[in-house]
Colleague: 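Once you've had a glance at the structure underneath, I'll fire off some questions.
Order of appearance sets the numbers: ligands from 1, and atoms from 1 within every ligand. Model, not experiment: these values are computed from the prediction.
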Amino acid sequence: MGFEKKTQKAMSLLEEVIEKAGGCAVIDGGFATQLEKHGASINDPLWSALCLIKDPQLIKKVHLEYLEAGADILVTSSYQATIPGFLSRGLTMEEGESLLRKSVKLATEARDKFWEANKKIPENRYNRALVAASIGSYGAYLADGSEYSGCYGPNVNLDKLKDFHRRRVQVLVEAGADVLAFETIPNKLEAQACAELLDEEHIQIPSWICFSSVDGEHASSGESFRECLDILNRSDKVNAVGINCTPPHFIENLISNFRELTDKPIVVYPNSGEVWDGKDKRWLPSKCFGHETFELYATRWRDAGAKLIGGCCRTTPSTIQAISNVLQQRS
Ligand SMILES: C[S+](C)CC[C@H](N)C(=O)O
Ligand SMILES: N[C@@H](CCS)C(=O)O
Ligand SMILES: [Zn+2]
């Protein structure tokens with residue numbers, strides 16, 4: 001297959017799910033949040049990825065709950081699953097890579113099981129979901145709250161970030177993910193590293209790159225989205241861009257800003273509005289929006305131009321059900 005054909009193929013998989021969903025597809029919700037709802041204890045440097053070791057069946061159960069709620073895209077349990085993270089826990093390289101593959105396998109098995117059970121039902125209102133491999137930022141691995149500050153210190157440069165992400169990206173693609181989902185990217189340097197890596201590794205599946213924002217106007221680092229998106233606009237390997245794990249009341253305005261700055265499809269999956277305290281490792285209930293608010297907001301986000309909408313931390317299957325219901329009614 002020629003270069004152009006392959007790139008078109010990558011594009012069309014995301015475009016296809018958007019089209020099948022009536023113009024706006026639904027991403028799942030807070031994955032770690034739902035693990036915790038079921039009693040998982042994840043106060044650990046590996047955070048939600050701890051369940052890959054301790055309770056893989058719970059991961060599958062959570063994926064199934066989000067499919068049931070109407071998710072067109074499942075995000076895997078690999079947000080904080082990294083090779084260096086696993087190595088510092090005493091695992092070997094092979095064991096770490098096998099856990100990464102497992103994150104894709106669990107989501108794929110859940111998707112296939114759910115689709116087999118639903119595709120032939122006459123009143124089936126579900127689409128066959130895609131599996132998006134989560135790639136949390138370097139700050140997520142550091143587990144010091146820096147995915148919301150972008151402060152990586154003077155020793156972190158472009159090459160270091162690329163090398164941090166490289167092997168995980170290779171393994172997740174080889175494992176058969178449909179999409180790569182770079183999540184909670186807090187600064188321009190890391191966005192550039194991710195985009196260049198997709199190119200260097202000749203990645204042929206679609207990807208999105210999502211930023212976090214703490215003020216609703218800039219990336220978490222304080223850099224402008226104009227600077228960040230200028231870099232991503234130059235890459236045809238980045239198929240969609242957006243915002244995740246950011247309070248919902250910032251989202252409508254951010255979509256309008258992004259539309260001025262890029263022609264790429266826009267992805268939004270905000271958190272509940274609570275704020276992560278990286279030091280004490282807990283959510284602070286500054287402002288908190290429930291699923292009724294998401295129901296209201298979701299149509300506004302779609303009308304503002306978002307093509308992929310879901311939830312991030314502290315949202316649940318009820319949030320995704322509300323988004324799915326309201327988007328389906330209007331499509
Ligand atoms: C999206 S944040 C709440 C994930 C957890 C964080 N990286 C930590 O390990 O403390
Ligand atoms: N997808 C992640 C959260 C990103 S901030 C998880 O819940 O594991
Ligand atoms: Zn989140």
Colleague: Hey, is D163 close enough to R166 for a salt bridge, meaning N to O under 4.0 Å?
Modeller: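 Yes.
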Colleague: For atom 9 (O) of ligand 1, grab the closest protein heavy atom and report residue, atom and distance to one decimal in Å.
Modeller: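 So the nearest neighbour among protein heavy atoms is Q80 NE2, 2.6 Å.
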Colleague: Run through L106, L46, T76 and flag the one making a side chain to side chain contact (heavy atoms under 4.5 Å, CB included) with L52.
Modeller: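 With L52 as partner, side chain to side chain contact (heavy atoms under 4.5 Å, CB included) holds for just one option, L106.
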Colleague: By number and element, which atoms of ligand 1 are closer than 4.0 Å to a non-hydrogen atom of E147?
Modeller: 1 (C), 2 (S), 4 (C), 6 (C), 7 (N)
Colleague: Quick one: do the Y66 and Q34 side chains pair a donor with an acceptor below 3.5 Å?
Modeller: no
Colleague: Out of F31, Y148, W276, who gets a non-hydrogen atom closest to atom 1 (C) of ligand 1?
Modeller: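 It is Y148 that holds the nearest heavy atom.
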Colleague: Please determine if K113 and E109 form a salt bridge, counting it only when a charged side-chain N lies under 4.0 Å from a carboxylate O.
Modeller: no
Colleague: If I compare all heavy atoms of R101 with all of E94, which pair ends up nearest, and what's the gap?
Modeller: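 Answer, listing the atom of R101 first, then E94: NH2-O, 4.5 Å.
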Colleague: Do any heavy atoms of G278 fall under 4.0 Å from ligand 1?
Modeller: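 In this structure, G278 fails to qualify as a contact of ligand 1 - no heavy atom is under 4.0 Å.
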Colleague: With sequence neighbours excluded, what pairs up with K264 under the side-chain hydrogen bond (donor to acceptor under 3.5 Å, both in side chains) test?
Modeller: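 K264 satisfies side-chain hydrogen bond (donor to acceptor under 3.5 Å, both in side chains) with no other residue.
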Colleague: Determine whether the aromatic ring centres of W301 and F294 lie less than 6.0 Å apart.
Modeller: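 Yes, close enough.
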Colleague: For atom 10 (O) of ligand 1, what is the nearest protein heavy atom, given as residue, atom name and distance?
Modeller: K281 NZ, 2.6 Å
Colleague: Indicate yes or no: does an N/O atom of W47 lie under 3.5 Å from an N/O atom of ligand 1?
Modeller: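 In this structure, W47 places no N or O atom under 3.5 Å from an N or O of ligand 1.
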Colleague: Would you mind listing each N/O atom of ligand 2 next to any protein N/O under 3.5 Å, plus the distance?
Modeller:
{"unit_1": "ligand 2", "atom_1": "1 (N)", "unit_2": "E183", "atom_2": "OE1", "d": "3.2"}
{"unit_1": "ligand 2", "atom_1": "7 (O)", "unit_2": "F31", "atom_2": "N", "d": "3.3"}
{"unit_1": "ligand 2", "atom_1": "7 (O)", "unit_2": "A32", "atom_2": "N", "d": "3.0"}
{"unit_1": "ligand 2", "atom_1": "8 (O)", "unit_2": "S48", "atom_2": "OG", "d": "2.9"}

Colleague: How would you list all residue pairs meeting salt bridge (Lys or Arg N to Asp or Glu O under 4.0 Å) that involve residues 38-54, not counting sequence neighbours?
Modeller: D44-R89
Colleague: Does a donor on one side chain and an acceptor on the other come within less than 3.5 Å for E174 and Q170?
Modeller: no
Colleague: What is the distance from atom CZ of R128 to atom CG of N118, rounded to the nearest 0.5 Å?
Modeller: 13.5 Å
Colleague: Are any of the side-chain heavy atoms of S77 and C51 separated by less than 4.5 Å?
Modeller: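 Side-chain contact under 4.5 Å: no.
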Colleague: State, to 0.1 Å, how close L13 and L130 come at their nearest heavy-atom pair, and which atoms those are.
Modeller: O-CD1, 3.8 Å
Colleague: Pick one: which of S212, C210, S220, C313 meets side chain to side chain contact (heavy atoms under 4.5 Å, CB included) with T184?
Modeller: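 By the side chain to side chain contact (heavy atoms under 4.5 Å, CB included) criterion, T184 pairs with just one of S212, C210, S220, C313: S212.
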Colleague: Please report how many protein N/O/S atoms lie under 2.8 Å from the Zn ion (ligand 3).
Modeller: 3
Colleague: For ligand 1, which atoms sit closer than 4.0 Å to a heavy atom of W283?
Modeller: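 Listed by number with element: 3 (C).
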